[in-house]
Every structure is written in C-alpha cells, then in structure tokens.
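Please read the structure below before turning to the comments.
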Amino acid sequence: MRQILNAKRPSAILPKKIRGVVAIEKCRVRKSGLDLFVDIHVEVDGQMPVHKAHGIGHDVKDALVKSSLGIADVLVHIEPAQTT
C-alpha cells in the first residue's frame, strides 16, 4: 500500500500505459483487511463511443488487478477528457 500512497501522480498507479487513457482525474485507494480497493476516474476522448470507453475501463481494471500492487478490486469511472 505504501507504494501506491506515495505515488506522486495518480497516473503512476497504472503499471503500464493503457491505450485510450488521456489522463487520470482522481484515484482513491482504501484498505479492507489485507486487500486494497481502488476507485479511479479515467479520462478518455469525449467523442469516443460508449462501448470503446467501456473496454478501456476493463483494460484499466485488468492491468491494476494483475499488477504486483496487491489490488483486490477496481471501480473505474469513465470521464470525458477536459478540453482547453
């Protein structure tokens, strides 16, 4: 858990670059017993079809659960990327 909580940027929690992820808006980690649970808000292209954004959400979850960080479950929120 220390490795996750000491990350300087929320994007540092992802073990690899996930195609389609523009940014990480928020990332919260909580511990229950020995397990870690992640609530992450991922920004994607706002014009992207829902089914494609949903797939990116699964990619993010799979990458985190399969990482060596000891994450038991991930709740991914898909957000449209901020435009300037």
Side-chain angles (χ1 to χ4, degrees):
M1 186 161 96
R2 180 174 295 160
Q3 182 179 4
I4 295 171
L5 297 179
N6 287 339
K8 294 184 190 307
R9 300 175 326 274
S11 60
I13 192 173
L14 288 175
K16 62 179 184 173
K17 176 75 174 155
I18 307 291
R19 186 178 201 163
V21 173
V22 174
I24 304 299
E25 181 188 23
K26 296 177 194 168
C27 182
R28 296 185 181 108
V29 180
R30 68 184 188 287
K31 185 172 183 173
S32 179
L34 298 175
D35 294 325
L36 298 175
F37 296 88
V38 176
D39 184 359
I40 190 167
H41 292 234
V42 176
E43 291 185 2
V44 300
D45 179 352
Q47 301 302 311
M48 181 180 294
V50 172
H51 70 278
K52 187 171 182 180
H54 181 80
I56 291 170
H58 277 285
D59 293 344
V60 169
K61 178 178 179 171
D62 293 345
L64 289 171
V65 171
K66 291 177 183 175
S67 74
S68 62
L69 299 173
I71 297 170
D73 196 17
V74 180
L75 180 59
V76 181
H77 300 266
I78 299 295
E79 304 283 349
Q82 299 294 322
T83 58
T84 55

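If you read the sequence from its start, that first residue is 1, and numbering goes on from there.
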(message) Rounded at 0.5 Å granularity, tell me how far OG in S67 sits from CG in L36.
(response) 9.0 Å

(message) Nearest 0.5 angstrom please: R30 CZ to D35 CG, how far?
(response) 10.5 Å

(message) For a quick test of reading the model, state the closest non-hydrogen atom pair linking L34 to K31 and the distance between them.
(response) CA-CE, 4.2 Å

(message) Quick check on the hydrophobic clustering: are V42 and M48 connected, directly or via other members, by side-chain heavy-atom contacts under 4.5 Å?
(response) yes

(message) Can you give me the closest heavy-atom contact between V76 and G57, atom names plus distance?
(response) CG2-O, 3.6 Å

(request) Would you give the length of the straight line joining atom CG of L75 to atom NE2 of H41, rounded to the nearest 0.5 angstrom? (result) 7.5 Å

(message) Minimum heavy-atom separation for I40 and L64, please, with both atom names.
(response) CD1-CD1, 4.4 Å

(request) Please name the residue in the list D73, I71, L69 that meets the side-chain contact (heavy atoms from CB on, under 4.5 Å) test with V38. (result) I71

(message) Would you compute the distance between atom NZ of K52 and atom CZ of R19 and round it to the nearest 0.5 angstrom?
(response) 7.0 Å

(request) Mind checking the CD-CD1 spacing from E79 to I24? Nearest 0.5 Å is all I need. (result) 11.0 Å

(request) State the CD1-CD distance between I78 and E25, to the nearest 0.5 angstrom. (result) 11.0 Å

(message) Is there a side-chain contact between H77 and D39 in this structure, where contact means two heavy atoms from C-beta onward sitting under 4.5 Å apart?
(response) yes

(message) Quick check: closest heavy atoms across G20 and V44, and the distance to 0.1 Å?
(response) O-CG1, 3.5 Å

(message) Can you give me the closest heavy-atom contact between P80 and G46, atom names plus distance?
(response) CB-CA, 3.9 Å

(message) Assigning hydrophobic clusters by single linkage (Ile, Leu, Val, Met, Phe, Trp, Tyr; side-chain heavy-atom cutoff under 4.5 Å), is I56 placed with V22?
(response) no

